[in-house]
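In this chain, residues are counted from 1 in sequence order.
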Amino acid sequence: MEAVVERENMRQALKRVVTNKGAPGVDGMRVEELIPYLQEKRESIKELLLHGDYIPSPVLSVEIPKAGGKGTRMLGIPTVTDRLIQQAILQVLTPIFDPTFSESSYGFRPGRSAHQAVLKARFYANIYVSTETAAERVMKSITRFLGKRLKLKVNTSKSATDRPWKRKFLGYSMTWHKIPRLKVAPEAIAHFRSKVKDICRRGRGCSLDKTINELTPLLRGWVNYF
């Protein structure tokens, strides 16, 4: 814990939390209020952490719509103070545990991204067989292996036997070619268009700069799809 509360580690964690922005938690504190809050409470938070007496705040539960309008999913929002502490702990633990992770693991790891996962998925492309019956048999075998041997739960709502170009993975789909090419999934395109329309609609009567500021991160993210 001494490494977690070390000044430079906390400074880097604060910079990351402020950059990520995000909504307030149950205490209503915004990211912009975190720095002045820490100027007053930094030492008391440090002492609580060092003595093992720090108690995180409850997580704010928010339901957000799933892409494509297929119901909602629960999103937990910690307070900005807890996000700061979580980030500080992450920075200390990552160098210790990350080298032990599988080479096939891409989620939330330094130097790895969703794009790399998509490229690897294309390399190992949706396991080819010649008939639908064979596909169902292989699907059951793989599900059983993942569940019993690796203790991983397969999400049945997102898993299926189908043509590669009819499925999507992290916003991408594949073409019908023998060596498949990547393409942005139609659902991802529709979702992008919907968000652009929503921002432009809300921007009516507002300053152009405000609308541009909202569109810029969305457009940058879209460019990264290619």
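Contact between V92 and P95 at its shortest, heavy atoms only, is O-CD, 3.4 Å. Of all heavy-atom pairs spanning S159 and M139, the tightest one is CB-CE, 3.4 Å. Nearest heavy atoms, Q116 versus R112: OE1-CA, 2.8 Å.
Interatomic distance, OG of S102 versus CZ of R109, reported as 7.5 Å (0.5 Å rounding). To the nearest 0.5 Å, atoms CZ (R42) and CG (L84) are separated by 9.5 Å.
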Could you walk me through whether T211 and S207 pass the side chain to side chain contact (heavy atoms under 4.5 Å, CB included) check?
-> CA-CA 7 Å; T211 301; S207 70; over 6 Å; no

CA sep, side-chain torsions, deciding dist, call: E136, K140, salt bridge (Lys or Arg N to Asp or Glu O under 4.0 Å) | CA-CA 6 Å; E136 294 291 345; K140 290 179 182 178; over 6 Å; no

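A donor-acceptor contact closer than 3.5 angstrom links the side chains of D82 and Y54.
In terms of modelled atom types and a separation under 3.5 Å, the side chain of S194 and the main chain of A190 share no donor-acceptor contact. The closest donor-acceptor contact from the side chain of S141 to the backbone of R137 lies at 3.5 Å or more, if one exists at all. With hydrogens and angles ignored, the 3.5 Å screen pairs a side-chain donor or acceptor of K151 with a backbone N or O of K148.
When hydrophobic side chains of Ile, Leu, Val, Met, Phe, Trp and Tyr are connected at separations under 4.5 Å, V59 ends up as a singleton with no cluster partners.
A 6.0 Å sphere centred on CD of E132 holds no more than 12 heavy atoms belonging to other residues, nucleotides or ligands.
Salt-bridge check for D198 with K195: failed, with every basic side-chain N at 4.0 Å or more from each acidic carboxylate O.
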